[in-house]
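Notes to accompany the following structure.
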Amino acid sequence: MEGELKLCSPAVIRGLLDEFDAAPRKDFGQNFLINESVPKKIAEVAGEDAPENVLEIGPGIGCLTRELSRKFSRVAAVEIDKKLILLLQKTLSGCGNVRVIESDIMKLDIARLSDEEFAGGDFCVCANLPYYITTPVITKLLTEGGERLKSVTVMVQSEVADRLTARAGTKDYGAITAGVAYFGRASRVMRVSAGSFYPAPKVDSAVVKITLYGKNESTLRPKSKEAYFELLSSAFANRRKTLVNSVSSNTGFEKADLEGALSRLGLDVRVRAEALTPEDFARLADELAG
């Protein structure tokens, strides 16, 4: 809109950071978008078939937040950097439907946050996640979001996107892939080059959207969620080993019991973890449970 600060302009970003005595922090993985088409596309993707509420993690200087405020009725943006909290008061001054929360997302109770900010209504999540915290944040969101969380749209390093969306039998497929598949479908939305950020990171990024299963949509229904995730963890703990050797060395299961379960399911007893689909892991977890 006319008169708005151009929040993807490198000059504007540097000016704002100087004004508020701030700087991109490596310890928070801060890289600010300078390609204005990217936040527009992310907000568009996040808003497809979405509820009225969105939780944003790491708003930075607010370029994506502003786009989200145009797509959603209510935006709750969690920012850990105290200096950026003050900066956001300026850049988001015209966004009456946005509330910025100063906190560490890893220390927040997601269910309680959604109750307080969205009156218990459905919501989705949108985030630009630094590499070091990507898996913990995604895991926290999926495990704590509950039925009201409908989707998670995240920008992550390209190699992380490869792992989130990998197919069984490929080198990128792992515990995080099958773990996310328990909750929903992950799909790659777009590539974002390193040159789209200030400062430019050393690698490219990608946007991934995880659409959570609705009631009765999932084909993954192991009897025990805990047993499923324990199996994933132990199976991928030693990728070079066969699944039998890896699981037996990391749990109390005997090799003979594991081989018997695999055989009954028609699976090769010499199989490695990356060859099993999430559905295979669910079946195996149930078989081992007896």
Side-chain angles (χ1 to χ4, degrees), residues 106 110-111 125 129 131-147 149 151-152 154 156 159-188 208-290:
M106 293 303 296
I110 302 299
V125 172
L129 298 176
Y131 175 76
Y132 75 95
I133 203 172
T134 297
T135 298
V137 169
I138 291 176
T139 301
K140 180 182 178 68
L141 291 170
L142 295 179
T143 55
E144 293 185 15
E147 293 184 356
L149 176 59
S151 67
V152 177
V154 289
V156 296
E159 64 182 53
V160 178
D162 291 341
R163 292 201 292 271
L164 290 172
T165 59
R167 293 175 179 270
T170 65
K171 65 180 179 63
D172 294 313
Y173 180 79
I176 184 63
T177 322
V180 167
Y182 178 89
F183 297 97
R185 297 177 296 274
S187 58
R188 183 187 287 263
V208 172
K209 183 171 184 177
I210 304 168
T211 303
L212 276 70
Y213 301 125
K215 287 185 177 179
N216 303 319
E217 278 188 348
S218 176
T219 58
L220 263 180
R221 296 192 183 90
K223 295 174 183 175
S224 168
K225 175 182 175 182
E226 292 73 21
Y228 175 81
F229 280 94
E230 182 180 356
L231 179 60
L232 288 185
S233 178
S234 61
F236 285 99
N238 306 97
R239 290 184 67 103
R240 294 184 180 181
K241 293 184 177 182
T242 63
L243 181 142
V244 167
N245 286 336
S246 185
V247 174
S248 64
S249 63
N250 289 283
T251 67
F253 287 111
E254 297 292 337
K255 290 184 180 181
D257 294 331
L258 290 162
E259 290 174 348
L262 288 168
S263 294
R264 289 191 295 275
L265 295 174
L267 298 170
D268 189 340
V269 297
R270 297 164 298 177
V271 72
R272 284 184 166 80
E274 61 266 26
L276 296 191
T277 65
E279 288 77 16
D280 288 333
F281 277 112
R283 291 165 59 219
L284 182 57
D286 288 351
E287 188 68 26
L288 290 169

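A quick note: this is a predicted structure, and the numbers were derived from the prediction, not measured.
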Taking every non-hydrogen atom, the tightest pair across [X] and [Y]:
X      : Y      : answer
Ala285 : Leu231 : N-CD2, 3.7 Å
Val208 : Ala186 : CG1-CB, 4.2 Å
Pro278 : Leu220 : O-CD2, 3.1 Å

How would you list, by chain and number, every residue that makes a side-chain contact (heavy atoms from CB on, under 4.5 Å) with [X], sequence neighbours excluded?
X      : result
Ala175 : Phe236
Arg185 : Thr211, Tyr213, Glu217
Asn250 : Ser234, Ala237, Asn238, Ser246
Ala235 : Leu243, Val247, Ala273, Phe281

Report the distance from atom [atom1] of [X] to atom [atom2] of [Y], rounding to the nearest 0.5 Å.
X      : Y      : atom1 : atom2 : result
Leu284 : Glu279 : CG    : CD    : 13.0 Å
Asp172 : Arg163 : CG    : CZ    : 7.5 Å
Thr143 : Tyr182 : OG1   : OH    : 11.0 Å
Asp286 : Tyr228 : CG    : OH    : 11.0 Å
Leu288 : Lys223 : CG    : NZ    : 11.0 Å
Arg283 : Leu262 : CZ    : CG    : 10.0 Å

Taking the side chain as C-beta and beyond, is there a heavy-atom pair between [X] and [Y] under 4.5 Å?
X      : Y      : value
Asp280 : Leu265 : no
Arg188 : Asp162 : yes
Leu142 : Leu212 : yes

Which residues pass the side-chain hydrogen bond (donor to acceptor under 3.5 Å, both in side chains) test with [X], not counting sequence neighbours?
X      : result
Lys140 : Glu144
Arg221 : none
Arg272 : none
Asn245 : Thr242, Lys255

Side-chain donor or acceptor of Tyr173 paired with backbone N/O of Leu276 under 3.5 Å:
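Yes, Tyr173 side chain to Leu276 backbone: donor-acceptor pair under 3.5 Å.
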
Ignoring hydrogens and geometry, is there a side-chain-to-backbone donor-acceptor pair from Ser263 to Glu259 under 3.5 Å?
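Yes.
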
Listed pairs under 3.5 Å, donor-acceptor, residues 131-138 side chains, sequence neighbours left out:
| from | atom 1 | to | atom 2 | distance (Å) |
| --- | --- | --- | --- | --- |
| Tyr132 | OH | Asp27 | O | 3.2 |
| Thr134 | OG1 | Pro130 | O | 2.8 |

Applying ring pair (Phe, Tyr, Trp, His ring centres under 6.0 Å) as the test, list every pair that has at least one member in residues 240-265; sequence neighbours left out.
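Pairs touching residues 240-265 that pass the test: none.
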
Once salt bridge (Lys or Arg N to Asp or Glu O under 4.0 Å) is applied, do any residues pair with Arg239, and if so which ones, sequence neighbours excluded?
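Salt bridge (Lys or Arg N to Asp or Glu O under 4.0 Å) check on Arg239 returns nothing, list empty.
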
Residue pairs passing the salt bridge (charged side-chain N to carboxylate O under 4.0 Å, His left out) test where at least one lies in residues 241-253, sequence neighbours excluded
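Sorted result for residues 241-253: empty, none.
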
